[in-house]
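Residues: numbered from 1 along the sequence shown.
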Amino acid sequence: MVVKSERTGERPETVEIAGTDVWLRRGIAEGERDEQGGEGGSVKVKVFTYEELHFTDPTGELTVDGAKADFDTVWTAHEADGMSMEEQIASLQQQVADSQAALLELGDIVGGE
């Protein structure tokens, strides 16, 4: 399942593998946030926000290079991991609606409207 994540410190890797655990991250954006500092003040902290997908690879055959080379395919293959049936159906319905809207827009472009 895809979750919105946030991390302070160093920029996270796009692909991270530890044993059979795999983390994919996309849309990594750098920003700043105010945090409580010493003596009641605040300090600016560098923060990275991104979408993160975690799954396990029971075979242990997926490599960082392999996941980076085929990132979108690997992401799509595991995007629904951990989702309930209702969540999967809602996601598919949204994908169909998005595809239909894109086709209508293409039709308008091709038709000259």
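Heavy-atom contacts from other residues, nucleotides or ligands closer than 6.0 Å to CD of E105 number 12 or fewer. For CD of E30, the number of neighbouring non-hydrogen atoms (other residues, nucleotides, ligands) closer than 6.0 Å is greater than 12.
At least one side-chain heavy atom of L92 sits less than 4.5 Å from a side-chain heavy atom of Q95. When side chains are defined from C-beta on, D34 counts as touching K44, because their heavy atoms get closer than 4.5 Å.
Considering CG of L53 and NE2 of H78, their distance stands at 8.0 Å, rounded to 0.5 Å. For the atom pair CG (L62) and CZ (F55), the distance works out to 5.5 Å, reported to the nearest 0.5 Å. Expressed to the nearest 0.5 Å, how far OG of S42 lies from CD of E35 amounts to 10.0 Å. Rounding to the nearest 0.5 angstrom, the gap separating the NZ atom in K4 from the OG1 atom in T49 is 8.5 Å.
G9 and F48 get closest at one heavy-atom pair: O-CE1, 3.1 Å.
Grouping the Ile, Leu, Val, Met, Phe, Trp and Tyr side chains by contacts below 4.5 angstrom, directly or via other members, places V47 apart from I28.
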Donor-acceptor pairs under 3.5 Å, side chain of residues 17-26 to any protein atom, not counting sequence neighbours: which ones?
residue : atom : partner : partner atom : Å
D21     : OD1  : H54     : NE2          : 3.0
R25     : NE   : E52     : OE2          : 2.8
R25     : NH1  : E13     : O            : 2.9
R25     : NH1  : E16     : OE1          : 3.1
R25     : NH2  : E16     : OE1          : 3.0
R25     : NH2  : E52     : OE2          : 3.1
R26     : NE   : E51     : OE1          : 2.8
R26     : NH2  : E51     : OE1          : 3.4

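Pairs of residues two or more places apart, or lying in two chains, never qualify as salt bridge (Lys or Arg N to Asp or Glu O under 4.0 Å) while including a residue from residues 59-70.
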